[in-house]
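Reading through the structure tokens given below for one structure.
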Amino acid sequence: MSAEEHSGFRVRLAEIEEQIAAACRRAGRSRSDVQLMAVSKMHSAEAVKEAILAGMLLFGENRVQEFAQKSAALADLGLSSAAVGARFHLIGHLQSNKAAKAAELFDSIDSVDSLRLAERLNDAAAGLDRQSFILLEIKLSHEETKTGLDPHSSELAEILERLPSLRSLKMRGLMTVPPYDENPEAARPYFRQLRELRKQFAKAHPLLDFSDLSMGMSGDFAVAIEEGATTVRIGTALFGRRSYPR
Ligand SMILES: *Cc1c(COP(=O)(O)O)cnc(C)c1O
């Protein structure tokens with residue numbers, strides 16, 4: 001690894017940190033109200049190591065199998081998450097037949113999008129004698145290709161009713177991915193909508209925790225922070241472009 005590559009992550013992190021701080025100032029929010037998640041999907045264990053050495057402790061991955069391999073590779077590098085205190089969240093769609101593996105590997109499943117999946121995760125976590133943290137993924141657009149719960153669906157209503165009795169799940173909040181648009185302002189109405197939904201849900205379901213609002217990616221995280229994001233998920237702007245083999 002060249003010196004330049006070696007310092008690449010730190011340089012990009014410093015730039016992102018500056019932009020996060022600026023967005024927090026504009027919004028009158030404290031920097032400590034916003035968590036930065038490094039989205040390491042499609043990047044190597046070496047890249048994650050680089051990020052950990054730069055101080056990152058929260059990561060997002062989108063596939064169970066990819067992270068199973070990466071997690072083993074990190075352990076080989078002496079960087080098991082238990083050893084360094086790093087947390088890894090699943091942010092990609094999870095098929096319910098992989099729920100058990102995901103419950104074992106991840107500190108949180110941020111992409112829960114069906115009652116069936118919530119139940120499977122609850123059973124898996126119970127079997128592991130632990131609690132799994134979850135976020136509900138909300139789909140605010142009508143794109144066919146996107147996953148997530150329709151905010152007005154009976155399924156979401158049912159999940160919210162059932163969650164207090166799914167004792168091995170610890171609900172923490174909501175996540176959304178707005179439609180891709182080059183203009184970050186295009187995402188603002190979606191971010192605002194998620195914030196409003198959270199307010200509504202929290203009022204209707206006082207037993208549940210909705211404190212985490214995970215929204216905003218490389219192109220639009222500043223807007224998301226202005227609209228109340230408590231977690232921003234940043235991949236490309238931290239790690240560089242992903243290459244898509246296979
Ligand atoms: C890939 C991904 C991100 C990060 O996207 P970038 O544009 O690379 O920052 C964030 N959230 C989810 C759900 C993703 O799949």
Side-chain angles (χ1 to χ4, degrees), residues 8-9 11-20 23 34-44 47-48 50-51 54 56-67 70 86-95 98 102 105-114 117 133-141 143-151 172-188 190-191 193-195 212-246:
F9 188 92
V11 170
R12 288 189 289 259
L13 177 59
E15 285 167 3
I16 298 291
E17 274 296 343
E18 241 171 67
Q19 294 170 37
I20 291 176
V34 182
Q35 299 189 87
L36 170 57
M37 174 187 285
V39 177
S40 47
K41 68 183 185 199
M42 310 294 295
H43 291 282
S44 65
V48 174
E50 202 57 39
M56 286 298 317
L57 286 173
L58 177 62
F59 294 88
E61 287 279 337
N62 71 336
R63 300 175 66 149
V64 174
Q65 192 51 39
E66 178 185 340
F67 181 61
K70 203 174 294 183
R87 288 172 294 136
F88 290 85
H89 291 202
L90 182 67
I91 60 172
H93 178 64
L94 176 61
Q95 291 169 314
K98 290 184 186 158
L105 277 172
F106 290 98
D107 298 287
S108 174
I109 312 295
D110 293 357
S111 46
V112 172
D113 59 1
S114 73
L117 175 58
F133 290 102
I134 64 161
L135 302 183
L136 297 179
E137 182 176 1
I138 307 294
K139 180 170 129 169
L140 299 170
S141 61
E143 299 157 287
E144 288 294 329
T145 53
K146 282 254 175 70
T147 54
L149 289 151
D150 177 335
R172 297 280 342 280
L174 306 175
M175 165 170 113
T176 200
V177 181
Y180 177 78
D181 197 301
E182 272 183 24
N183 176 8
E185 285 299 328
R188 191 182 295 276
Y190 295 96
F191 296 150
Q193 205 183 332
L194 194 70
R195 187 184 67 200
D212 195 9
L213 211 47
S214 174
M215 55 188 198
M217 312 186 353
S218 290
D220 54 20
F221 66 89
V223 173
I225 290 170
E226 289 168 11
E227 296 300 333
T230 60
T231 300
V232 291
R233 310 179 306 267
I234 302 186
T236 311
L238 279 174
F239 289 103
R241 284 185 55 194
R242 293 179 283 275
S243 50
Y244 288 90
R246 71 178 144 238

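Counting starts at 1 for both ligands and their atoms, following the listed order.
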Got a list of side-chain donor-acceptor pairs under 3.5 Å for residues 86-95, not counting sequence neighbours?
unit_1: His89; atom_1: ND1; unit_2: Asp110; atom_2: OD1; d: 3.3
unit_1: His89; atom_1: ND1; unit_2: Asp110; atom_2: OD2; d: 2.9
unit_1: His93; atom_1: ND1; unit_2: Asp113; atom_2: OD2; d: 2.8

Inset, instruction - Please report the closest heavy-atom contact between Gln19 and Phe221, naming both atoms and the distance. - result: OE1-CZ, 3.2 Å
Inset, instruction - For residues Ala54 and Phe9, report the shortest heavy-atom separation together with the two atoms involved. - result: CB-CD2, 3.7 Å
Legend entry - Sequence neighbours excluded, every pair satisfying side chain to side chain donor-acceptor pair (under 3.5 Å) that has a member inside residues 174-185: Glu185-Arg188
Legend entry - By side chain to side chain donor-acceptor pair (under 3.5 Å) - contacts of Ser141 (at least two apart): Glu143
Inset, instruction - Give the ring-plane orientation class for Phe239 versus His43, where under 30° counts as parallel, over 60° as perpendicular and anything between as tilted. - result: parallel
Under a 3.5 Å threshold, I'd like every N/O contact between ligand 1 and protein atoms, with atom names and distance.
unit_1: ligand 1; atom_1: 8 (O); unit_2: Thr236; atom_2: N; d: 2.8
unit_1: ligand 1; atom_1: 8 (O); unit_2: Thr236; atom_2: OG1; d: 2.5
unit_1: ligand 1; atom_1: 8 (O); unit_2: Arg242; atom_2: NH1; d: 2.8
unit_1: ligand 1; atom_1: 8 (O); unit_2: Arg242; atom_2: NH2; d: 3.2
unit_1: ligand 1; atom_1: 9 (O); unit_2: Ser218; atom_2: N; d: 3.0
unit_1: ligand 1; atom_1: 9 (O); unit_2: Ser218; atom_2: OG; d: 2.5
unit_1: ligand 1; atom_1: 9 (O); unit_2: Gly235; atom_2: N; d: 2.8
unit_1: ligand 1; atom_1: 11 (N); unit_2: Arg233; atom_2: NE; d: 2.8
unit_1: ligand 1; atom_1: 15 (O); unit_2: Lys41; atom_2: NZ; d: 2.7

